[in-house]
Amino acid sequence: MPSRIYDASDDWDPLTNAISPPPNESAQERDDRIKQELEAKQKSDAIDEDLNRQRILERKGPKPVRVLLLGKSTFLKFFKLMHDPKAFSAERASWRAVIQLNVVRSIHIILDAMTHPSQPRHNHRAVTKEIVSSTSSSPLSGEIPLPEDTSEIEPELIEIRSRLSALLQIEDLLTRRLTPKDYSEVGTTQLAPAYPLKHVQTELAINSSVPWKQRFDRLVGKGDTERMIIDWDDPNDPGKTLHACGEDMIRLWKHPLVQQMLEKQNLRLEEMAGFFLDSLPDITAERYLPTDEHILRARLKTLGVSEHQIKVSAGSDVGSDWRIFDVGGHRSLVTAWAPFFENNLNAIIFLAPISAFDQVLAEAPKVNRLEDSVSLWTSIVANKILQHTDLILFLNKCDLMAAKLASGIKLKDYVVSYGNRPNDFESTTNYLRKKFAGILKENSPLPRTFYCHYTSVTDMLMRDTLKNSTLLL
């Protein structure tokens, strides 16, 4: 239907109609409306004044350090723990729910795998000039049917599986708690699974603008020691169900037949972000409160660009303001977000998970994760808008890389150009380091220093690296 075109002779104006008082408005309704409009204007003016005050302070004071983070949001949590421990501690109730969701998803993946215990799970493979792909992670909810031939599963496991059916409702409850009501449609999405799981929901992803942590403010109070306390008397606390199912979850995970089944189906849950099955005794405790390590390991996918302000102390100096920008799940859209940071960044911190050389992206099962990191690194170093920005590369998850190589998984099977070089940690990481350095040298519009470090995201090396960085001077 064609749009109507209004001209000056029209008596009806859509804007005037939208802001005009309702017809047949009573005197009391009018007074209430005017009062609400005045309150709304006062709030708006207060926000504008606060923003102007911040702009003035920024102009007068030292410029904040502006850093773009590309990689694991775990880095951001670690940075908060280092420099703003009170704010980090205040989020424990929020991360408790995320960790519980991570645990239930992992158990659900095992239950899904039990529907076809003897059926190998075929990997998605994508061959390129450099890389061949393999596995990744996935999620949950709904009922999972028993396999047609239950003779393949021990009666004990069938009984455990039946008792753990109570967990299948916990995921929906936790998802609702993590998703504010007003954001239910625009604030979350579902990511496609990398594994072809038949009875498991795709992964929850929350838009960075969604204030999901505020949903748990009412569950928290402060004791005399400022320690965050959960409302343990909440009858709907998912922790009660996890506690009741704790022993069964531990028995399921440690059962030799389950481990054989997972190996046959190439489901390496230990490599998934948000893996906590080795910590079940702690997480299913009756009054579980997340440790710092658990919060750092928790997995919650975010989408969109978010800004985080952190006060950083640098030796004996007063410190400096850091603005860390996390582009979340949109990190590959360089051309979309790069113009917003033109001549306005001190550094880009790039985390490349080198242990993922045999895994694929959850959102793109035909794309190898290491190949994706190499492609993104290439596009960033070649971007002329970012040519004056320092780049700090962390070859991340070195602990998992070493364990994977020691288990017999060969880099050359996935990175064709590696050839017949030794399959030890030193040789493989040196090769990857030279590969990233070569890309910077060949593609950067201007000569730039190559800053590269081997680390795990929670490693003390990262702390030392940042403290010794010129960004803190």
Side-chain angles (χ1 to χ4, degrees), residues 64-85 87-88 90-91 94-95 98 102 178-180 183 186-189 191 203-214 273-274 292 295-312 320-342 344-353 356 361-363 369 372-373 376-377 379-380 383 385-386 389-394 396-397 451 453 455-458 462-463 465-466 469 471-472:
V65 176
R66 298 169 65 87
V67 176
L68 179 64
L69 175 62
L70 296 174
K72 299 288 289 183
S73 296
T74 309
F75 173 89
L76 181 59
K77 288 185 284 184
F78 184 75
F79 204 81
K80 284 185 178 179
L81 175 61
M82 287 172 56
H83 299 288
D84 196 358
F88 184 87
E91 299 175 350
S94 308
W95 288 110
V98 175
N102 292 161
L178 288 168
T179 309
Y183 292 83
V186 299
T188 63
T189 186
L191 302 180
E203 183 179 5
L204 173 73
I206 294 183
N207 192 287
S208 58
S209 64
V210 174
W212 62 272
K213 293 176 184 176
Q214 297 176 11
D292 293 345
I295 295 175
L296 292 173
R297 288 164 49 196
R299 157 78 171 184
L300 182 65
K301 183 76 173 181
T302 56
L303 302 174
V305 180
S306 57
E307 178 183 355
H308 305 267
Q309 300 183 22
I310 302 175
K311 192 80 170 181
V312 176
S320 58
D321 288 323
W322 278 50
R323 305 290 171 85
I324 300 180
F325 299 89
D326 184 2
V327 297
H330 298 304
R331 70 179 199 147
S332 60
L333 304 178
V334 180
T335 55
W337 51 254
F340 294 96
F341 298 104
E342 185 174 9
N344 201 22
L345 279 178
N346 295 88
I348 294 176
I349 295 178
F350 188 101
L351 287 94
L361 297 175
E363 61 271 26
R369 288 185 61 190
D372 177 66
S373 292
L376 178 59
W377 174 257
S379 63
I380 287 173
N383 193 293
I385 294 177
L386 304 172
T389 303
D390 287 334
L391 302 174
I392 304 173
L393 173 67
F394 285 97
N396 195 30
K397 297 190 176 182
Y451 300 102
H453 308 277
T455 185
S456 299
V457 77
T458 57
M462 181 173 287
R463 181 189 302 230
T465 299
L466 289 173
S469 169
L471 292 175
L472 293 176

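FYI, the numbering just counts along the sequence from 1.
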Visitor: Hey, mind stepping through Leu76 and His308 against side-chain contact (heavy atoms from CB on, under 4.5 Å) and telling me if it holds?
Guide: CA-CA 9 Å; Leu76 181 59; His308 305 267; 3.2 Å; yes

Visitor: Check side-chain contact (heavy atoms from CB on, under 4.5 Å) between Asn344 and all other residues, then give those that pass, not counting sequence neighbours.
Guide: Arg66

Visitor: Can you name the ring-ring contact (aromatic ring centres under 6.0 Å, His included) partners of Phe325, sequence neighbours left out?
Guide: Phe341

Visitor: Just verifying a value: how many Å separate Leu386 CG and Ile348 CD1, rounded to the nearest 0.5 Å?
Guide: 4.5 Å

Visitor: Which atom names give the shortest non-hydrogen contact between Tyr451 and Leu391, and what distance separates them?
Guide: CD1-O, 3.4 Å

Visitor: Run the side-chain contact (heavy atoms from CB on, under 4.5 Å) check on Asp84 and Lys311 step by step: do they pass?
Guide: CA-CA 7 Å; Asp84 196 358; Lys311 192 80 170 181; over 6 Å; no

Visitor: Quick one: do Asn396 and Thr455 satisfy side-chain contact (heavy atoms from CB on, under 4.5 Å)? Show the steps, please.
Guide: CA-CA 5 Å; Asn396 195 30; Thr455 185; 4.0 Å; yes

Visitor: Looking at side-chain heavy atoms only, is the closest gap between Asp321 and Gln309 below 4.5 Å?
Guide: no

Visitor: Might you point out which heavy atoms bring Pro64 and Arg323 nearest each other, and give the distance in Å?
Guide: CB-CG, 3.9 Å

Visitor: Who are the side-chain contact (heavy atoms from CB on, under 4.5 Å) partners of Ala298, not counting sequence neighbours?
Guide: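 Lys77, Trp95, Val98, Ile99, Asn102, Phe276.
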
Visitor: Quick one: pull up CG in Asn383 and OG1 in Thr389 and give me the separation to the nearest 0.5 Å.
Guide: 9.0 Å

Visitor: side-chain contact (heavy atoms from CB on, under 4.5 Å) with Phe350: which of Leu69, Ile380, Ile392, Leu68?
Guide: Ile380

Visitor: If you round to the nearest 0.5 Å, how far is CG of Leu351 from CG of Leu393?
Guide: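 Output value for this atom pair is 8.0 Å.
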
Visitor: How long is the span from the CZ atom in Phe88 to the CZ atom in Phe79, to the nearest 0.5 Å?
Guide: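 Output value for this atom pair is 13.5 Å.
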
